[in-house]
Protein chains: 2
Amino acid sequence: MVVSLAQIRERSGEVFVEGCPTRVVLDHIMSKWGVLVLLALTDGTHRWGELRREVEGISEKMLASTLRTLEADGLVARTSYPEVPPRVEYALTDRGDDLMRHMLPLVEWVAREADGIVAR
Amino acid sequence: MVVSLAQIRERSGEVFVEGCPTRVVLDHIMSKWGVLVLLALTDGTHRWGELRREVEGISEKMLASTLRTLEADGLVARTSYPEVPPRVEYALTDRGDDLMRHMLPLVEWVAREADGIVAR
DNA sequence: CTGGATCCAAGACGATACTG
DNA sequence: CAGTATCGTCTTGGATCCAG
């Protein structure tokens, strides 16, 4: 690829330095469950229980903690309705939407190539 | 975002199913160190020791294991030269190069937005 | 110099039970 | 329904030593 390390550093900031913001955010959104939750929210608002079922294999604990992290990062918006029984909805914020616009092509590439990669 | 879940499923395969190839590969390349190693290799061939210094904070164990995984996935090529002292070089394969073409925009987005995200 | 092998700590993660 | 709390497990990852 015709990209110099200097260019990468310039364009990707301090990504190679420990504890820099880029690495922190990268760890959040590229985490095992972060990607899947964000992906599930890409087609719109979801309730807690929907996400729980959508993202196969996630535990309640990890769903809660993943959502809290993404919410703190301003990527996911949480809306709770004062009803009985309770209803809470999660959706991408504008920033989260922007993020997914950049992440979706990558996920699609992986989905296309995955079979050829693992099957060796 | 104007993407339906059905579309995502169609375009991203079985990503929501446990143990599917897409999830496995996703875990490899989106792992804490996988991203950084791939990123470091984006500007060309690197020696072991260079990578060690380049990717700040990585331990020898994690570098070795990350490289072995990426090599097994056909994303990184390892070339060892029968010299004394030994010299080993790592580079992206064509497939790895293709991958980075899709991942770089995402990393750049994160680098741009990271400060605003963490600083809250 | 390039790793492999081993041991150990810390955090991630899962299962379950429980509450507003 | 939407979580929280607690506990126990297990993987991740670091440190160190050693070998080709």
Where is the tightest heavy-atom contact between [X] and [Y], given as atom of each residue plus distance?
X	Y	answer
A/Trp48	A/Glu60	CH2-O, 3.7 Å
B/Leu36	A/Phe16	O-CE2, 3.5 Å
B/Leu92	B/Thr42	CD1-CA, 4.0 Å

What integer distance in Å separates [X]:[atom1] from [N]:[atom2]?
X	N	atom1	atom2	answer
A/Lys61	C/dA12	NZ	C1'	7 Å
B/Tyr81	C/dC1	OH	P	18 Å
A/Arg53	D/dA2	CZ	C1'	12 Å
A/Lys32	D/dC10	NZ	P	16 Å
B/Met62	C/dG11	CE	P	16 Å
A/Arg87	D/dG3	CZ	P	12 Å
B/Leu63	D/dG14	CG	P	11 Å
A/Leu51	D/dA2	CG	P	9 Å

Among [options], the nucleotide that comes nearest once only the side chain of [X] is considered:
X	options	result
B/Pro86	C/dC13, C/dC1, D/dA2	C/dC1
B/Pro85	C/dG14, C/dC1, D/dG13	C/dC1
B/Glu60	C/dA17, C/dG4, C/dC13	C/dG4

Quick check on [N]: is either OP1 or OP2 less than 4.0 Å from any side-chain nitrogen or oxygen of [X]?
X	N	value
B/Arg68	C/dG4	yes
A/Arg78	D/dA2	no
B/Arg47	C/dT2	yes

Nearest-nucleotide comparison on DNA chain C, the residue closer to the 5′ end among A/Ile58 and B/Leu67:
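Between the two, 5'-proximity favours B/Leu67.
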Can you tell me which residue pairs pass the side chain to side chain donor-acceptor pair (under 3.5 Å) test with a partner in residues 75-89 of chain B, sequence neighbours excluded?
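Non-adjacent pairs meeting side chain to side chain donor-acceptor pair (under 3.5 Å): B/Arg78-B/Tyr90, B/Tyr81-B/Glu89, B/Glu83-B/Arg87, B/Arg87-B/Glu89.
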Looking at B/Asp97 and B/Arg101, is any side-chain nitrogen of the basic one under 4.0 Å from a carboxylate oxygen of the acidic one?
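Yes.
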First encountered from the 5' end of DNA chain D, between A/Trp48 and B/Gly57:
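By nearest-heavy-atom nucleotide position, the 5'-most residue is A/Trp48.
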